[in-house]
Amino acid sequence: MTEEIRVRFAPSPTGHLHIGGARTALFNWLYARHNNAKFVLRIEDTDRARSTDEYIDAILEGMKWLGLDCDEGPFRQTDRFAVYNSYADKLLEQGRAYHCYCSPEELDAARKKAMIEGRALKYNGKCRGLKNPVEGISPVVRFAMPQEGSTAVQDLIKGVVEFDNEQLDDLIIRRSDGTPTYNLTVVVDDVDMHITHVIRGDDHLNNTPRQIQLYQALGYEIPKFAHLPMILGADKARLSKRHGATSVMAYQEMGYLPEALVNYLVRLGWSYGDQEVFSMEELVEHFSLENVGKAAAIFNPEKLLWMNSQYIIKSDPSKLAELVIPFLVKEGIIQDGQELDMPWLCSAIITQQERQKTLIELAQSLSYYIEEDVQYDEKAKNKFLTLESRPLLKALIDGLEMIDDLSAESVEAVFNEVAEKHEVKLGKVAQPARVAFTGITKSPGIFDIVIILGKEKSVRRLRKAMEGISENE
RNA sequence: GGUCCCAUCGUCUAGUGGCCUAGGACACUGGCCUCUCACGCCGGUAACACGGGUUCGAGUCCCGUUGGGAUCACCA
């Protein structure tokens, strides 16, 4: 019987769930789902100055939106200080850790000096051999790192990475205020929570040998590691606010579908042959760490936008209808709480979904269906609402008024008749009508628009367009 | 600066020594479709960072150079 696979996502609540964190969470989640494993969520909030409950909620919200459900947790490290302290005490008793009385100022000065002299920025081990406590100073606890030999990290993505122990610092595992630090808590929790695979950003690769030493000192089995390459901005710098939106929820506000973001993110560093678009089921089925690349990837908003458009095209219109309503409100197209005829809205969405890339665009594209009047684009009006097109519009009004029930066929017949009678191409009729109906020159098929608008509204808009022409000329 | 990681079109990537005259996707672009726009379809521009090896044969293996990134906190 094989050991149960358990992975975790361990964000620190010092900010919103950002793109990089979401990708790490996603890869863990996919690995868990693919392997029928457990996905644990752990909040690393031992930095009490910077961690907030609001950010915990924000991270949870982001994961929920993306559909990354966890099987256990969220656990909070602040609930577990007693556990960490017992491990720190154990190391102290074993002589694998010691009290250090050096002041932050002192250490900082030493670091600066080392930097200038071009040496490794490493704690000098001053307090390592100290026999007696220093009065009046509450010490930190440092882990006594072995100073000889080397530590190898067996990484599932990077391969074997070897570090000289000489490079390893005696890291602080407990602060002077008695709270534990990251390198201790991460090891203790991964042991305690029986994590078998640590999948995280490769900014942690350099920490890994230190953590391995901690595992060994504590006498625990070392989990498997997989360090994912970073996501960078267009300037190859680490993704930050300078590169635009980095918070996952900002993408919701911009009208992105979570499935599209997930699909885009998973392809940043992972591939499956030439396939670009994956359903969640396909991702779970095909995901593996072997197909994760080693190189950092640059976040490309254009491709994400394309991906979103693909998902909008594929989406069920009734689902889009639900999703677009908040955006209709936000765009001022409908009032909050305003009732809409949902089947009608769906048919309106069907005419737009293959030409809009975000839910915001979709909402905006619906405005000329929903609002009472249209605003003419100046150029469009000047080009198409002319004296020449006036009789065509008149003929359309007459034709449409004769129809009892609007259908694709009956509307098309009216347009074709008008074109024939006036000996012009359909375009000559359709473009002025399009401007009359929508105010602009780009839109879904003109027959579809008439059907969505309905006879009354269509005729009213044609009349108004005609009136505009006579006033002008 | 020390240590570590990485290196195929502008970007995401396929490629695991001969299938590569390097494939797909985004973006850009020419055309088709067409009532406009979009979708879709057909085509185009565009890459193995450089230098040494190893091999009958290298994008693929090794070394070096260059370039980029990460990390070196009483942050995580």
Side-chain angles (χ1 to χ4, degrees), chain A residues 10-14 44-47 49-51 77 100 102-104 107-108 111 114-123 139-142 153 155 157-159 161-164 166-169 171-177 179 181-183 185-186 201-209 227 229-230 232 234 236-238 264 267-277 290-291 293-307 309-310 313 352-357 380 384 412 415-416 419 425-431 433-435 438 440-447:
Chain A
S12 86
T14 53
E44 309 222 326
D45 56 352
T46 54
D47 181 356
R50 295 198 301 148
S51 301
Q77 292 190 320
C100 171
C102 298
S103 70
L107 295 169
D108 204 42
R111 257 196 302 277
M115 180 71 115
I116 291 161
E117 290 172 8
R119 288 180 288 111
L121 280 55
K122 198 180 133 182
Y123 176 62
V140 301
V141 175
R142 279 185 191 272
V153 179
D155 193 272
I157 292 168
K158 308 277 185 184
V161 184
E162 205 162 323
F163 296 82
D164 281 338
E166 202 188 342
Q167 296 294 330
L168 271 28
D169 215 339
L171 38 89
I172 292 172
I173 56 176
R174 183 159 70 199
R175 300 183 184 95
S176 52
D177 66 1
T179 59
T181 63
Y182 166 72
N183 279 296
T185 60
V186 72
D202 73 9
D203 48 338
H204 286 286
L205 187 54
N206 287 303
N207 278 325
T208 309
H227 286 96
M230 301 270 91
L232 310 176
K236 295 201 170 191
R238 206 181 171 139
Y264 175 71
R267 283 287 291 102
L268 228 44
W270 177 83
S271 60
Y272 185 72
D274 284 340
Q275 192 171 345
E276 293 286 347
V277 182
E290 280 109 78
N291 293 318
K294 293 179 174 187
I298 293 171
F299 185 83
N300 184 325
E302 283 81 35
K303 188 158 181 181
L304 170 59
L305 190 62
W306 169 80
M307 189 65 81
S309 73
Q310 295 300 305
I313 288 170
Q352 296 287 6
Q353 69 188 117
E354 71 182 17
R355 45 201 110 219
Q356 312 303 148
K357 294 184 193 303
F384 292 108
E412 185 170 358
F415 274 79
N416 283 330
K425 284 191 175 176
L426 181 58
K428 281 281 180 196
V429 186
Q431 275 306 81
R434 193 184 313 282
V435 176
T438 69
I440 54 179
T441 55
K442 303 169 181 179
S443 83
I446 199 75
F447 315 135

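Every chain is numbered from 1, with letters handed out A, B, ... down the list of sequences. Every value quoted in this text rests on a predicted model; they were computed, and no experiment measured them.
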Quick one: does any side-chain atom of [X] pair with a main-chain N or O of [Y] as donor and acceptor, under 3.5 Å?
X	Y	result
A:K158	A:K294	yes
A:Q275	A:V277	yes
A:D169	A:L171	no

On the nucleotide [N], are OP1 or OP2 found under 4.0 Å from the side-chain N or O atoms that [X] carries?
X	N	value
A:R267	B:rA14	no
A:S443	B:rC37	no
A:T46	B:rA76	yes
A:Q310	B:rG40	yes
A:R174	B:rC74	no
A:K294	B:rC6	yes

Using whole Å, what does the distance between atom [atom2] of nucleotide [N] and atom [atom1] of [X] come to?
X	N	atom1	atom2	result
A:M307	B:rC26	CE	P	9 Å
A:F384	B:rC37	CZ	C1'	12 Å
A:Q353	B:rA38	CD	C1'	12 Å
A:L232	B:rC5	CG	P	17 Å
A:N183	B:rU71	CG	P	13 Å
A:W306	B:rC26	CH2	P	5 Å
A:Q275	B:rA14	CD	P	14 Å
A:K442	B:rC39	NZ	P	12 Å

Is [X] touching bases, backbone alone, or none of the nucleic acid, heavy atoms closer than 4.0 Å?
X	result
A:H204	base
A:G293	nothing
A:T441	base
A:I446	base
A:P444	base
A:E302	sugar-phosphate

Nearest 0.5 angstrom please: [X] [atom1] to [Y] [atom2], how far?
X	Y	atom1	atom2	value
A:K303	A:R267	NZ	CZ	5.0 Å
A:N206	A:H227	CG	NE2	9.0 Å
A:S51	A:E44	OG	CD	10.0 Å
A:I157	A:E290	CD1	CD	10.0 Å

[atom1] spacing across the pair [N] / [M], given as an integer number of angstrom:
N	M	atom1	value
B:rU29	B:rA46	C1'	12 Å
B:rC33	B:rC39	C1'	11 Å
B:rG23	B:rC19	C1'	12 Å
B:rG18	B:rG10	P	26 Å
B:rC20	B:rG15	C1'	9 Å
B:rC48	B:rG59	C1'	5 Å
B:rA38	B:rA27	P	12 Å
B:rC56	B:rC9	P	31 Å

Nearest to the side chain of [X] - [options]?
X	options	value
A:I313	B:rC39, B:rG24, B:rU36	B:rC39
A:F163	B:rC12, B:rA76, B:rC4	B:rC4
A:I172	B:rG24, B:rA76, B:rA73	B:rA73
A:Q431	B:rA73, B:rA76, B:rC35	B:rC35
A:A430	B:rA76, B:rC35, B:rC26	B:rC35
A:Y182	B:rA76, B:rG24, B:rA38	B:rA76
A:D274	B:rA76, B:rC12, B:rG24	B:rG24
A:V161	B:rC39, B:rC5, B:rC12	B:rC5
A:A297	B:rG68, B:rU13, B:rA76	B:rU13
A:K303	B:rC35, B:rC5, B:rG24	B:rG24

Starting at the 5' end of RNA chain B, which residue's closest nucleotide do you reach first, A:S271 or A:E162? A:E162

Whichever of A:D169 and A:T179 has its nearest RNA chain B nucleotide further upstream toward 5': A:D169

Answer with yes or no whether the side chains of A:N183 and A:T181 bring together a donor and an acceptor at under 3.5 Å. no

Given A:W306, A:F299, A:W270, the one that forms ring-ring contact (aromatic ring centres under 6.0 Å, His included) with A:Y264: A:F299

Let's test this: given Watson-Crick or G-U wobble pairing with both distances under 3.5 Å, identify the partner of [N].
N	result
B:rC61	B:rG53
B:rC41	B:rG31
B:rG17	none
B:rC9	none
B:rA70	B:rU3

Row check, A:F384 ring normal vs A:R434 NZ/CZ: under 6.0 Å, within 45°: no

Report yes if a donor N or O on one partner sits less than 3.5 Å from an acceptor N or O on the other, where the partners are the side chain of [X] and the base of [N]; otherwise report no.
X	N	result
A:N207	B:rA76	yes
A:E354	B:rG40	no
A:R434	B:rC35	yes
A:S176	B:rC74	yes

